[in-house]
Amino acid sequence: MHERLLPASPNWYCSRCSDVNSSGLLGVGAKNIIYLIDVSALCCRVVGELVGQKDLVSGFSFCQHAGQSHVCVSSSTDGSIRFWDSDTKALVREHAAHQSPVSAVHWSPVDKNLVVSGDEKGIVICHWYNTGDTTSFFPEPRTIFCLTCSPHTWNCVAVGYKDGMIVLIDVSKKGEVMHRLRGHDDEIHSLTWSPVDREDFLYSKPEDFEASTGASAEGERGCYLASGSRDQTVRIWSTAKGKSVMTLKLPFLKKRGSAVDPGFKERLWLNVHWPKGRTTQLVSSCFGGEMVLWDLTRSGKQRWTLLGASSEGQNHSRIVFNTSSVQLQDGRELLISTSMDREIKCWDLASLDCCWTLPTLGGFVYTLTFSPVGAGCLALGVGDNMIRVWNTLTTQNQYDTRSFWQGIKSKVTALAWHPNREGSLSFGTDDGKVGIYDVFSNKPPQISSSYHRKTVYTLAWGPPVPPMSFGAAGGKSPYSLYSCAGEGIILQHDPSKLSGEASDIDKLIRDTNNIQHKLSPHTDLNWKPDGRVVAIGNEDGCIDVYQAPSLKLLCSIQQHHKIINTLRWHHDHSSTPELHCLLASGSSNAIVYVHDLRPIIENPPDSPVVLTEPYRRLCGHTAKITSMAWSPHHDARLVTVSYDGTAQVWDVLQEVAVSNYRGHVGYLLCVDWSPVDPDVVWTGGKDFTVQEWRVSKQEFTKPPKGKKMVDLKEKMKANPKQKRKNRKVSGAGGAAATEMNGDPAAGGEKVVTGQGLSEEEEEDLGGLTNSPVPLPATLDTQRKSSAAPAPVKSKDKPDTNLLKKKKPRSMLPLSMSMDHRPKEELLQDCVTLAAVKHNTPPAGCVPGQGDHIHLGLFADRQALHRMFEAEVQAHMEAGHYDSVAYLQLWSGDLEGALQLATEKGELNDHLLSIAPMAGFQVWSRTVEAYAKQLCLQEQYLKAASHLLSVNKLYEAIDLLRSHKLYREALALVKARLPADDPILKELYTSWATVLEKDGHYSAAAKCYLATGASFDAAKVITRKNDIASLMTAASLARISGEADLAQSLALRCAKELAGAQDWVGAQEVLSSQDSLLVHRLHLCVAELLVVILAVSKVVPQTCVSNHSWASPGERHVPLLDHVRDVWEEQFAVSQKSEGRHSAVTLLQELMTVESPTPTANIPLSQVLLYSSLHLTRSLLSWLSGDNGQLMTELCQVVVWLCDARHFIVSAELCRLLFPDGDVGGCSWKNPKTLDNTEEATAAVSTLQAFISYHRMYERWWSSSAESREMEKSCSRSATVSCLADEMKEEAVNGGLSDSGEDRCSPTTGSDKLDFDVSLLLSEPHAACQAMQRSVREIQERLSAIVLQHSRVQGGQLDSLDEPAVAEDISGGTRESTEAEQRSDQHETFLSLSNKMSEYQKHLADLPDTIKIYPHPDVVECCLVVLHFSKSSSMCDSLQQKAKDLLRKYAAGASVLKASQRFLT
């Protein structure tokens, strides 16, 4: 599905997490996915993924046997072992024999069915692939770090442990230990066997070998084993003797120009690999990521050679975890290495040079963008704190990538290239930092001194606005850098002086537009490419468009009702200027809206305009939209990405889904279109990958239905205890463990593949990283325990143990324990005490101390204090600090008791009550300490009350506010502080923000009202976006004096009610605003129109409520007369009205309301609402005496309905408007003389033509059942199809149907037609329609050529799996004949484009009246008229004219077929 792909970074701290098979297929474990990479000496390519692991991959190994090299095995931290088929990418088998995280796995090189795995608890399990059997051993109670199977004997396995022990076991003898190899002092990171099965090749003479190792007992032949340990040594072991024969100390290779890091040697992972074709050479990793080739036959510095020494920059920059090798057919041996620097490198062991490098990604891909200057230069912002710049057009190295990390230190969440300065890249991070990198230099980035408080989401370059005064003059940049972050503000940075303070553009917006209320937090911004306007998205779903440089508000788009995530302007280099002002927007709902702002931008209004209807809506995604991009190669072609995990390409003008990409795992975050290839799109997301894919090669056209990962989230919720349990086990185990792509865990323990994820990313990946499947043994135990019955007692007596009252702890436990000695000792105590009291104590007897501690209670005060000191010491050791405090209190040290209780967190109400005895300062300190202690115990109200006792009022308020107890804090402020104290307003505002975020909009509105922010109160109520909320918000704004907002909300509410056909409610809402009279008139017309059409049964009867005056009226009275009467009676609007009721004033107001372009996708209720808008304008034009405008608007009504494919409604409306069939008779009570202007005449002609058109079809519909069925479709194709079928039957049956009657003949009751045929046979309109049809056909053929070309390039021209897309792209018709298609096959793209230009030129030369005031389809009318001529009287000249028009303008197979009967 994809072309190129940057995979996720390989997992860290795993002994074998990558492997390569004999055919050069590399498998790499990254997170819970295994990426398959095809490697060669020249390049590599990601060819697929093995998906299905529920937890992190901890080991991976291929079967190296011929015929089975496509099978592989993986292990996971959830204890599972999975077998895969790398050819089909399918799971073959799964074993769950381990109860702990698996730390190592290896497929035996000798036995093709044997796989050995080991876990953190020390369990070794043999898995037999052919039978599915398993055998487990427990050779050592230690944590396993690595293991490897012998390449010479199937039963020998070497196991490396965390404490430095290496054990050789025999799996054929139940895991019997063959040798214990001792010598390493720390973790065993890697083990590798010698490729030859003898032990004499390291010595030039046999006697040297014998002297070193001793003679082999009984001729035993062994094999060398190499090990790499954290103790910085590589050891070569003799398995025949079980001892070390060679020790290699790692060399310290200081990098040029770098300082010595004191912890450099501690951060070591020592991997070793013995190449198959090099008996005496061993490869190992080193401290800083260097790769070293050891010659085991040499000594000293000549023993090792550094790989990649021929040129700088070839080696890894951080420690290497895994290496594996493959021998090519030409004999060359390649070595593959993975490292902490997130790169996979391929080495040629002959030249020791790096062949290629594959970069990988260690975090979410938050943003990607192509440079507008450097062709094919793609910048990536990733969650691993790095920026990648990828030259995607290089042919030698397809993954030519540079990484930038200096000065970032946080996730890169936003990127933006400078519009015309090559290499200048701005970036934003999740800690609020904004900077600029020069990617062609090695300098650190420039960092802005102005930081955001939260994550930077958007960066944009645009023209400077005040107070920035620099410009192109004076050598300064004509661009400013704008950043938008999570706190909702947009900062303007001076790129030439980032050390200066950035300016908040909200101040300029407030000053320019005289805004007093609080601005909604901003979430995105996008400058139009020509820099004239900027669109800013807000948290409340509103989009504001401002004019530069003053940032005057031009319009506000109130279409979305959730947070705006992305905005994009259409590029300005398209061939059609009408598209330059298209603005696409995506929010947290799943619909993409496109608005056409050309009228507003070209003719800026005096006051801001509110837009509530989109130009196009794109529906299909099932989750929130995260990013989008316009194609720079097409007109109105858009790609969007979403949380539903797919990328979708749209044809915006047709509202058609073109292609859907589903190659990612998880949601997508960014997208961009290739600047050089019109068929290529790049996407990135939460799966840590960037993917390049072709639009034409995708199997699907629309996103999948339903949301992804729902089952996974439900599983996480259903099993939270198991998740926590497993997390604890894996964190404490210790083997190999626990980190992936991050820094080591505290205490020196490493975490198996933890990828260094942020909290946010760990939450998103929770189902992947922390929710393993419960193990069978655990489930079995749970079942047994739940099934076992509770023990039944023989008697019904209560358990006395439960009724025993627990004794309180003694304050003097030592002295009390002395009273529980034997009776003789207690009697002796009496004698000793008597002697003490009479000053004759026994020798060595000190009351209150030692063995006589208990006598301190009965002797003098000094003895008592000695006893107290001993008791205090015992309580301190036991942690009973409350008892210590009481003893100190009893001894008179009140301040010491309070100090100790404070330090140990043992303060209580009693101690606090006696604290005033120590003085006010001690009491005050104690109260504050007790308040902090109560906060830790989450007793915030009690803590605040105690602070009040020492007059810490503001501290108490701040405590309540910091813990979100706003209600209590407000009550306290209002009760104790004056009403004008600023903290009161601050509390209300903070509480409102929290309530608004939690969805409690009415409560938030009350807070805003309390502070006097009526505007904000009304706005927050509208967030609910239901009718009741809108009505309330409108009333609130009206009461508060916010007239403009009240009008906007009332109108919005009325539209919602009108859409539900609650006409009474809509009028009531508008009646509260005198300035909305014209909209009341509009809804009046709409209500009358709907009711009348419902009575005529043209539209369904769905009215919720309507007015008494909304009756149909007399059947034959023109509709305009009826509406005029209702207006005069109900609204006092007539021809004589003046002031605000004047028709001229009302018409001017109504002309500012926009009407969208008619399409078939608009619901009928909306169609009638828009039609009534034109009808209202026509009536107001009539009242104001503008007859030309009257006819123009009436013409718009009829044409609008026909274009929206509502033919029946259009016909009925013509009958209502003109009962006599005459345009001049639109009114009987107030007849008007029509204007003779050119436009008025054209409008009248169009209206009369449509009246005749509808009457023509009424005559036909009355003729037969087939024609009445055709009434439902009312399309040109239905008419032509009927006539073509009739001609076919005439050829077969002589023109008669089975019943002997003409099927489609008109009624013969009247020989004269009752409509003007000549109006329907307009040659200028026929010519215009023919050219428009030709343009559409050429566009379809051009689209087909482009699609065919892209498929030929992709090699999928003959693929039967590809969906047929000719109809999808053109959306259109197939009227061209097969003969035409064959004849046009030789036409080129250029010739068709030339034809298109010629037709467009001819269309431009036609009079505007022909294009603005269209007629019904002339060719269609010619066919029907000639059909009528068989049974109705019609002059020969009209018939001849119809035939001439058919000969000249008829096109398309069906039309030509239907016209043959009349032309031959």
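Here the structure is a predicted model, which means the values were calculated and not measured. Sequential numbering from 1 along the given sequence is applied to the chain's residues.
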Taking the side chain as every heavy atom from C-beta outward, state whether [X] and [Y] have any atom pair closer than 4.5 Å.
{"X": "Cys72", "Y": "Leu50", "value": "yes"}
{"X": "Phe370", "Y": "Thr392", "value": "yes"}
{"X": "Leu296", "Y": "Met246", "value": "yes"}
{"X": "Phe145", "Y": "Arg230", "value": "no"}
{"X": "Leu26", "Y": "Asp38", "value": "no"}
{"X": "Thr148", "Y": "Thr192", "value": "no"}
{"X": "Tyr437", "Y": "Lys443", "value": "no"}
{"X": "Ile33", "Y": "Val57", "value": "no"}

From [X] [atom1] over to [Y] [atom2], what is the distance, rounded to the nearest 0.5 angstrom?
{"X": "Met291", "Y": "Cys354", "atom1": "CE", "atom2": "SG", "answer": "10.5 Å"}
{"X": "Cys44", "Y": "Leu334", "atom1": "SG", "atom2": "CG", "answer": "11.5 Å"}
{"X": "Leu268", "Y": "Leu250", "atom1": "CG", "atom2": "CG", "answer": "6.0 Å"}
{"X": "Leu380", "Y": "Thr369", "atom1": "CG", "atom2": "OG1", "answer": "10.0 Å"}
{"X": "Cys355", "Y": "Asn397", "atom1": "SG", "atom2": "CG", "answer": "11.5 Å"}
{"X": "Tyr399", "Y": "Ile344", "atom1": "OH", "atom2": "CD1", "answer": "10.0 Å"}

> Would you say Lys89 has more than 12 foreign heavy atoms packed within less than 6.0 Å of its NZ?
Replying inline: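 Counting other residues, nucleotides and ligands, NZ of Lys89 exceeds 12 neighbours.
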> Around Lys249, counting heavy atoms of other residues, nucleotides and ligands shown, do more than 12 lie under 6.0 Å from its NZ?
Replying inline: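 Counting other residues, nucleotides and ligands, NZ of Lys249 exceeds 12 neighbours.
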Quick check: does any side chain N or O of [X] sit under 3.5 Å from a backbone N or O of [Y], one acting as donor and the other as acceptor?
{"X": "Asn391", "Y": "Cys377", "result": "no"}
{"X": "Asp353", "Y": "Gly308", "result": "no"}
{"X": "Glu333", "Y": "Lys276", "result": "yes"}
{"X": "Gln446", "Y": "Ile436", "result": "no"}
{"X": "Thr239", "Y": "Cys223", "result": "yes"}
{"X": "Gln329", "Y": "Ser23", "result": "no"}
{"X": "Asp85", "Y": "Val71", "result": "no"}
{"X": "Asn271", "Y": "His189", "result": "no"}
{"X": "Arg303", "Y": "Arg298", "result": "yes"}
{"X": "Asn21", "Y": "Ser69", "result": "yes"}

> Can we say Arg694 and Asp679 salt-bridge, meaning some charged N sits less than 4.0 Å from an Asp/Glu carboxylate O?
Replying inline: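 Looking at Arg694 and Asp679, the cut-off is met.
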Return yes if a side-chain donor-acceptor contact under 3.5 Å exists between [X] and [Y], otherwise no.
{"X": "Ser284", "Y": "Trp294", "answer": "yes"}
{"X": "His273", "Y": "Ser324", "answer": "no"}
{"X": "Thr401", "Y": "Arg388", "answer": "no"}
{"X": "Ser424", "Y": "Trp417", "answer": "no"}
{"X": "Asp186", "Y": "Ser229", "answer": "no"}
{"X": "Ser337", "Y": "Thr323", "answer": "no"}
{"X": "Trp269", "Y": "Ser285", "answer": "no"}
{"X": "Gln53", "Y": "Ser74", "answer": "yes"}
{"X": "His70", "Y": "Gln68", "answer": "no"}
{"X": "Thr394", "Y": "Gln398", "answer": "no"}

> Under the side chain to side chain contact (heavy atoms under 4.5 Å, CB included) criterion, do Phe60 and Trp107 qualify, and how do the steps go?
Replying inline: CA-CA 9 Å; Phe60 178 79; Trp107 201 304; over 6 Å; no
Of all the heavy-atom pairs spanning [X] and [Y], show the shortest one and how long it is.
{"X": "Pro109", "Y": "His65", "answer": "O-CE1, 2.9 Å"}
{"X": "Ser61", "Y": "His106", "answer": "OG-CD2, 3.6 Å"}
{"X": "Asn385", "Y": "Ile408", "answer": "O-CG2, 3.7 Å"}
{"X": "Asp231", "Y": "Gly183", "answer": "OD2-O, 4.5 Å"}
{"X": "Phe62", "Y": "Ser86", "answer": "CE2-OG, 4.1 Å"}
{"X": "Val272", "Y": "Gly228", "answer": "CG2-N, 3.9 Å"}

> When Thr683 is tested against each of Gln691, Glu692, His664 for side chain to side chain donor-acceptor pair (under 3.5 Å), which residue passes?
Replying inline: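 When side chain to side chain donor-acceptor pair (under 3.5 Å) is applied between Thr683 and each of Gln691, Glu692, His664, only His664 qualifies.
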>> Could you go through Tyr13 and Phe321, starting from their C-alpha distance and side-chain angles, then the distance that decides it, and tell me whether this counts as ring-ring contact (aromatic ring centres under 6.0 Å, His included)?
In response: CA-CA 6 Å; Tyr13 298 109; Phe321 293 114; 5.0 Å; yes
> Would His152 and Val110 satisfy side chain to side chain contact (heavy atoms under 4.5 Å, CB included), going step by step from the backbone distance to the final call?
Replying inline: CA-CA 6 Å; His152 311 298; Val110 179; 5.6 Å; no
Would you mind writing out the side-chain donor-acceptor pairs for residues 356-365 within the sub-3.5 Å range, not counting sequence neighbours?
unit_1, atom_1, unit_2, atom_2, d
Trp356, NE1, Ser40, O, 2.7
Thr357, OG1, Lys345, NZ, 3.0
Thr360, OG1, Ser9, OG, 3.1
Thr360, OG1, Arg342, O, 2.8

>> So, applying side chain to side chain contact (heavy atoms under 4.5 Å, CB included) with Trp347, which one of Val283, Leu293, Asn315 is it?
In response: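 Filter result, single survivor: Asn315.
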> Can you name the residues that form a salt bridge (Lys or Arg N to Asp or Glu O under 4.0 Å) with Asp438, not counting sequence neighbours?
Replying inline: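 With neighbours one apart ignored, the set is empty.
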>> I'd like to know whether Ser58 forms a side chain to side chain contact (heavy atoms under 4.5 Å, CB included) with Asn11, so could you lay out the CA-CA distance, the side-chain angles of the two residues, the decisive distance to 0.1 Å, and finally the verdict.
In response: CA-CA 8 Å; Ser58 59; Asn11 295 341; over 6 Å; no
> Run the side chain to side chain contact (heavy atoms under 4.5 Å, CB included) check on Trp274 and Trp193 step by step: do they pass?
Replying inline: CA-CA 7 Å; Trp274 214 317; Trp193 292 91; over 6 Å; no
